[in-house]
Amino acid sequence: MTIDDFLSQEDKNNIVKAISNAEKSTNGEIRVHIEQKSCTDEIQRAKEVFNALEMYNTKDKTGVLFYINIKDNKIAIIGDTGINKKVSTEFWKNTIDIVISDFKKGYFAQGIINGIKIAEEELSAYFPKTQDNTDELSNEISIGDV
Ligand code: CA
């Protein structure tokens, strides 16, 4: 599957909107990365992407990456150290399960958007939006090799 088969331009716009909306209620910074290159360990690869995208550049270490590999059909969701103090890996596993169940029905954009909404609920509970918070990481989808 190519990226264009996976998401239309409208889908991409809707995902960016979902991220922007989520970040209205939390200081968490969500990014989505999609790639087609095979990987053996999606968590390890997600960590590499997290670093390559310099997602550690947040004041309170509140970056969250949705890593989606459409070659191997793998998903990882990882948070920075601030996130990991509050949000369990079990929570992310459950979120991934929900995203995957949408993917299996062919609802790719909807799956990602649902995942973002679930993350928003959790993140806004632990990292509510504060007035001094800025948009620290781009909301644009990151695609391909990084
Ligand atoms: Ca952002």
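Remember, it's 1-based here, ligands and their atoms both numbered in the order they're listed. When a residue number appears, it is its place in the shown sequence, counting from 1.
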* To do: Quick one: pull up CD1 in Ile116 and CZ in Phe66 and give me the separation to the nearest 0.5 Å.
  =>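 Ile116 atom CD1 to Phe66 atom CZ measures 5.5 Å (nearest 0.5 Å).
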* Asked: Looking at residues at least two apart in the chain, or sitting in another chain, which of them share a ring pair (Phe, Tyr, Trp, His ring centres under 6.0 Å) with Phe108?
  -> Phe6, Phe103
* To do: For Phe50, check ring pair (Phe, Tyr, Trp, His ring centres under 6.0 Å) against everything at least two apart and list the hits.
  => none
* **Nearby protein N/O/S atoms (those under 3.0 Å) for the Ca ion (ligand 1), with water ignored** => Glu23 OE1, Glu23 OE2, Glu29 OE1, Asp135 OD1, Leu137 O, Asn139 OD1
* Asked: Is atom OH of Tyr107 surrounded by more than 12 heavy atoms (other residues, nucleotides or ligands) closer than 6.0 Å?
  ->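 No, OH of Tyr107 has 12 or fewer neighbouring heavy atoms, counting only those of other groups under 6.0 Å.
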* Structure fact -> Smallest heavy-atom separation, Trp92 atom then Ile83 atom, equals CZ2-CG2, 4.0 Å
* Partner set under side chain to side chain contact (heavy atoms under 4.5 Å, CB included) for Ile98, not counting sequence neighbours -> Ile118
